Amino acid sequence: TDEDPADPSDELVFTGLGGCNEVGRSCHIVQYKGKTVMLDAGMYSGRDGIAALPYFDEFDLSTIDVLLISHFHLDHAAALPYVLAKTNFKGRVFMTHPTKAIYKWLIQDSVRVSNTSSTSDQRTSLYTEQDHISTLPQIETIDFYTTHTVSSIRITPYPAGHVLGAAMFLINIAGLNIFFTGDYSREQDRHLIAAEVPKNVGKIDVMITESTFGISNAPPRAERETALLKSVSGILSRGGKVLMPVFALGRAQELLLILEDYWQRHPDLQKIPIYYTGNTARKCMVIYQTYINAMNDNIKRIFRERMAEAEASGNAKGVSSGPWDFRFVRSLRNLDKFEDVGGCVMLASPGMLQSGMSRVLLERWAPDQRNGVVMTGYNVEGTMARMILQEPDSIPAVMSGSAGGAGQNMGRRTRDGDDNQVMIPRRCSVEEFSFAAHVTGVENVGFVEEIGAPHVILVHGEKAQMTRLRSKLLSLNNTKSTDVKVYSPQNAEEVRIPFRKDKTA
Ligand SMILES: [Zn+2]
Ligand SMILES: [Zn+2]
């Protein structure tokens with residue numbers, strides 16, 4: 001009841017080095033009672049060099065005890081090789097097993113792409129493939145629902161939905177419970193376990209949650225699937241090609257399950273190929289086959305069915321491939337061997353059409369009005385993916401050889417500057433259906449209410465979305481006896497939360 005200022009040692013200090021009032025380069029610092037935890041180390045899509053990194057200069061990374069990586073997406077994990085190889089960080093790093101397995105290939109792939117995709121003189125190489133490979137042994141893995149104690153900090157990961165291996169972390173420092181959602185989803189999809197409120201963990205004091213979609217809501221899953229499939233089959237029936245820009249891994253697997261199932265039920269479509277492009281994608285499918293047990297009951301059921309079928313036919317190979325052994329999906333290493341004739345559905349990365357295979361195909365297919373671009377992910381501001389949704393009359397050509405044989409020359413720019421920019425007419429259709437697997441406004445507010453923390457810190461959302469979500473959460477205080485405090489800090493802005501009660505572990 002006294003009004004003395006809190007002892008600074010009793011304050012929890014939150015500092016966002018990235019991913020605050022923005023989507024990208026997620027990296028947050030939590031300090032309490034002399035302990036320091038870093039959450040995620042991501043990069044900003046569509047930016048080069050230092051501008052893609054979190055504000056690491058704003059914090060002494062040598063003081064960090066533990067770094068937790070929520071999932072393998074580049075906006076949460078791509079700066080990790082930089083942290084480990086190029087800074088004075090000397091703490092311990094944890095991620096789940098599937099996250100590490102996929103991270104290994106994904107970062108390797110992204111390093112190779114970025115080393116060949118830009119001729120800009122300003123582009124600094126943040127780290128090399130060797131930096132990545134040599135720092136892999138420093139990353140420790142941790143299982144869902146198990147608790148690790150590192151210099152008196154207790155860490156427990158819970159399934160977050162979103163993508164394979166994605167975790168929400170419960171962190172306990174000196175009795176204080178801090179809960180970080182990372183990116184999360186709560187709807188039942190075809191392969192992942194949806195996020196749940198952790199059970200029997202006591203009161204959660206501070207919640208750090210994503211706010212990607214603000215208070216926006218989406219139609220129910222079944223409706224979105226129907227609309228997506230109607231759009232895809234509509235483009236095919238008018239003789240067009242369907243371009244689905246996707247991030248190499250994660251939500252692409254969910255889309256493949258949806259398409260495969262639809263093709264199975266529509267024999268007339270079975271002559272039309274579904275392509276899934278990229279080298280990393282092929283390697284990582286093995287990881288998806290390995291971690292069936294980390295997935296939901298639907299995928300386990302398909303796995304059992306496939307095993308039974310394979311056994312009945314005496315095909316032992318079928319047993320190991322399981323539900324990810326698609327019948328109507330062909331994988332495509334690059335565009336060299338791609339015969340671009342007739343209709344097809346093409347899942348190509350990168351998801352935001354910055355460069356690479358998806359951009360080559362966009363530039364090749366955009367002029368024909370029979371073709372269609374079907375967007376399904378979250379599109380970061382300033383990327384072509386965001387721009388194309390405005391249905392511009394023309395788009396800048398950034399890939400050379402877009403008229404054919406693009407695989408060889410993939411990644412070279414035709415022009416260094418914007419002067420004399422070659423433009424390509426855009427006549428193809430553009431539609432968007434969200435399968436990004438972030439919580440909707442209603443789901444997020446419901447989850448925040450269930451967690452019931454007195455302090456909620458919003459991250460991973462553009463300013464407008466975050467502001468709306470904050471207002472919504474604050475409006476719920478009318479129904480409460482004690483107000484919930486909601487923070488939406490800027491990057492590098494400290495949030496100080498006093499905890500008077502002397503908590504002890
Ligand atoms: Zn993500
Ligand atoms: Zn994210």
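Indexing begins at 1, ligand by ligand and atom by atom, following the structure's order. Every value quoted in this text rests on a predicted model; they were computed, and no experiment measured them.
Take the N/O/S atoms of H73: the one nearest the Zn ion (ligand 1) is ND1. Of all N/O/S atoms in H162, NE2 sits nearest the Zn ion (ligand 1). The N, O or S atom of D183 lying closest to the Zn ion (ligand 1) is OD2. D75 contributes atom OD2 as its closest N/O/S atom to the Zn ion (ligand 2).
Of the listed residues (Y288, Y291, F303), just one forms a ring-ring contact (aromatic ring centres under 6.0 Å, His included) with W324, and that residue is Y288.
Among the atoms of H76, an N, O or S atom is found under 2.8 Å from the Zn ion (ligand 2).
E431 and S231 form a side-chain donor-acceptor contact under 3.5 Å, judged by distance and modelled atom types alone. Between the side chains of N172 and N177, at least one donor N or O sits under 3.5 Å from an acceptor N or O.
At a threshold of 4.5 Å between non-hydrogen side-chain atoms, the residues V232 and V345 count as touching.
By the 6.0 Å and 45° rule, R224 stacks over the aromatic ring of F435.
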